[in-house]
Protein chains: 2
Amino acid sequence: MKPITLKDIAKALDLSPSTVSRAMKDNPAISLQTRERVQAYAAKHKYKPNTLAMQLRTNRVNTIGVIVPEIVHYFFSTVLAGIQDEAEKKNYNLLFCLSNEDYEREVKSVETLLDARVCGILASQSKSTRTFDHFQEIIDNKVHLVFFDRICTGINTDKVVVDDYAGAFNAVEYLISTGCKRIAFLGATPWLPIANNRRMGYEDALRKHRLPVEKELSQVCDTVDLAKVVIPQMLALDPPPDAFFCINDEVAAYCIQIAKSNGFNVPEDVSVCGFTNSYLTEVTYPKLTSVDQHGYRMGEVAARLLINRIEGRETKPGIVSRLIKTKLVVRESTK
Amino acid sequence: MKPITLKDIAKALDLSPSTVSRAMKDNPAISLQTRERVQAYAAKHKYKPNTLAMQLRTNRVNTIGVIVPEIVHYFFSTVLAGIQDEAEKKNYNLLFCLSNEDYEREVKSVETLLDARVCGILASQSKSTRTFDHFQEIIDNKVHLVFFDRICTGINTDKVVVDDYAGAFNAVEYLISTGCKRIAFLGATPWLPIANNRRMGYEDALRKHRLPVEKELSQVCDTVDLAKVVIPQMLALDPPPDAFFCINDEVAAYCIQIAKSNGFNVPEDVSVCGFTNSYLTEVTYPKLTSVDQHGYRMGEVAARLLINRIEGRETKPGIVSRLIKTKLVVRESTK
DNA sequence: TCCTTTAAGGTAATCGGTTTCATACGCGTC
DNA sequence: GACGCGTATGAAACCGATTACCTTAAAGGA
């Protein structure tokens, strides 16, 4: 029982396929009588035009591909929600790929998406990616590419990023304003621009207020496993830090736990500030101060930019770079 | 600059399209010499077969659609990760739709996916869905459908569910075993089977241990906003509950906060147990006891079931129902 | 020498629509 | 009655690949 085609309708009503095609689109060249006859028959038999056939003819698919490194992740899931909402509004479908922070899989995802002939790709780089040929291939194939958040500095294309520098700068400056003087930075691998920018924001804020930038207070610590090792080490320093500025909320939440179990009061002895402003912030004790990255908005902006490119509505020449502003949300984990 | 097609190659090498097609597939009817010539030319010009054309011909797409009610949501994002991993392994692409708990959008998503002619759909119902014609239409269109988690009882099709009843029963029995006698249930709208099953597990556990099932201790409270209203009311009862069994971790986490700010010690005065075992469990204070739903596994199982159906490998006749076992993870929020 | 076989490749139909370019007919007009 | 014009429809090409069915030429056998 194959689905009914336009030709089936033509045969059944003793018309030509072209007439049926036109009748379905209410072409005035077809008599009203015929149009109604065709449409009635089509409705009755649940005719559905074959998208594939149309796409083949126009050589255009209304699908955009998304590559994210992780999805069980507050920030990326909010971005995806923003992308999906915007895409749906503009009548684009979403082909979803997960790189799992794995370079090989990221490469495979790109191939999958190019194979599927998507008209554009939104991507956030995996942590393990060091070479960019696969991204270049997207551009070589004349497929539009917009990076979001974890952009790829080796590729010249549109991007949407969080204002990590300002986010970090403002957060650290706020910590300083509350009296903190030995602020630790729990960062991420330095080849991720987002981590680097935050570290620079952190350091510049210290420098602005004439506080020393100390190597031992700035470490890579972006996972829970690392946190269990790094944070106790830092707390054992003499003197210990009086604040932690963390690369994400999970590390920050753990930081609160670890600090408390090591006899430090939060925020009296140490302040803790996260980054993302996920739902974790409301359930830590004390509630977590964090920098909101506006992930949903980033998704919307990235999708809109990509779609504008696809539809030729983004007139600005050269590459476009959008900055999503951050906002420090002060709760109880800082003085 | 359109991408190179098979016909272009044929013209360039003065061959017919059929010869090129066969040469590309290493058909022995074509001389080795020609095969190599064609393949070399194709590689040099980055020829990519047009998937659309092949799909049109075979009338088969290797894409499955997913509809989730929410994505900024620990459980659903883990399920999606499981689905994606399994789909990728079996060489299927994922078309991603978000219903946002909205009936209209769910209907639209179904239409989108049927339009895209996916070969199967994985769906979890939105909370606001009351009628099921759109799901029936999937089946009427001979597209395979597997429900996961929030199944639709009005539709006769394969499903994968968490063993909510046993999960709730065991959790409540555990609470009783620690000495709790007035256990409250913070549930969800009763037309969701998952909520109903948990309530039944809750009530049966009480009955088994000859504890009264009280109306006032069982309420709909599945969002943070509701929690702010409902939990203080319950704590004001005389006597107050000595335990809360919550429909999800967010409500449970809030419950801890609210209990503490109302002067109750957790777990000494009230125990709190969540459902999902999300990353929230590690950052509440005290850490949250919760029922693990194994979302990732559910995603894998659902995707595998769907793909087996699509490929005709699921031989079992009638509808298949898979149960994902839960596991109570005891932490510090219970005695 | 003639016929058969086989290697190597070409022709054309097909998938399901869209679109350009005819065609057929009726009617009014000079 | 020849011409023009508008209306309603059909025929065929096309999108890009696959494939059933031919064609051609050379080799091999009797």
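Values below: every heavy atom of this structure, side chains too, minus hydrogens, waters and symmetry copies. Order of the sequence lines sets the chain letters (A, B, ...), proteins ahead of strands, with each chain counted from 1.
Interface residues of residues 45-55 of chain A facing DNA chain C, ordered by number: A/Tyr47, A/Lys48, A/Pro49, A/Asn50, A/Ala53, A/Met54; criterion, heavy-atom separation under 4.0 Å. Annotation: proximity of residues 13-24 of chain A to DNA chain C (heavy atom, distance under 4.0 Å) is found for A/Ser18, A/Ser21, A/Arg22, numbered in ascending order.
The distance from atom CZ of A/Arg60 to atom C1' of D/dG16 is 18 Å, rounded to the nearest whole Å. What separates CZ of A/Arg35 from P of D/dT9 is a distance of 10 Å, to the nearest Å. Atom-to-atom, CG of B/Leu6 to P of C/dG9 comes out at 15 Å; the value is rounded to the nearest Å. Rounded to an integer number of Å, the gap from A/Lys11 NZ to D/dT9 P is 20 Å. Atom pair A/Leu56:CG and C/dT18:C1' shows a separation of 11 Å (rounding to whole Å applied). Rounded to whole Å, atom P of D/dA17 lies 9 Å from atom CD1 of B/Ile4. Following rounding to the nearest Å, A/Asp26 (CG) and D/dA8 (C1') show an atom-to-atom distance of 15 Å. We find that CG of B/Asp115 is positioned 12 Å from P of C/dG17, with the value rounded to whole Å.
A/Lys108 has no carboxylate O lying under 4.0 Å from a charged side-chain N of A/Asp102, or vice versa, which leaves the two without a salt bridge. Remark: A/Arg150 does not engage A/Glu106 in a salt bridge, criterion side-chain N to carboxylate O under 4.0 Å.
Looking at A/Tyr47 and A/Asp8, their side chains never bring a donor and an acceptor atom within 3.5 Å of each other.
A/Thr34 comes within 4.0 angstrom of sugar-phosphate atoms only, judged by non-hydrogen atoms across all strands, and of no base.
The structure places CZ of A/Arg60 at 11.0 Å from CE of A/Met54, a figure rounded to the nearest 0.5 Å. Here A/Glu300 contributes atom CD and A/His294 contributes atom NE2; the two are 11.5 Å apart, rounded to the nearest 0.5 Å. Once rounded to the nearest 0.5 Å, the distance linking CD of A/Gln293 with OH of A/Tyr74 reads 10.0 Å.
The side-chain heavy atoms of B/Phe135 and B/Ile138, taken from C-beta on, include a pair separated by under 4.5 Å.
With respect to A/Tyr92, the side chain to side chain contact (heavy atoms under 4.5 Å, CB included) criterion is satisfied by exactly one of A/Val118, A/Leu306, A/Ile310: A/Ile310.
Residue order along DNA chain C, read from the 5' end via each residue's closest nucleotide, puts B/Arg57 first among B/Arg117 and B/Arg57.
No donor-acceptor pair closer than 3.5 Å links the side chain of A/Asp158 to the backbone N or O of A/Val146.
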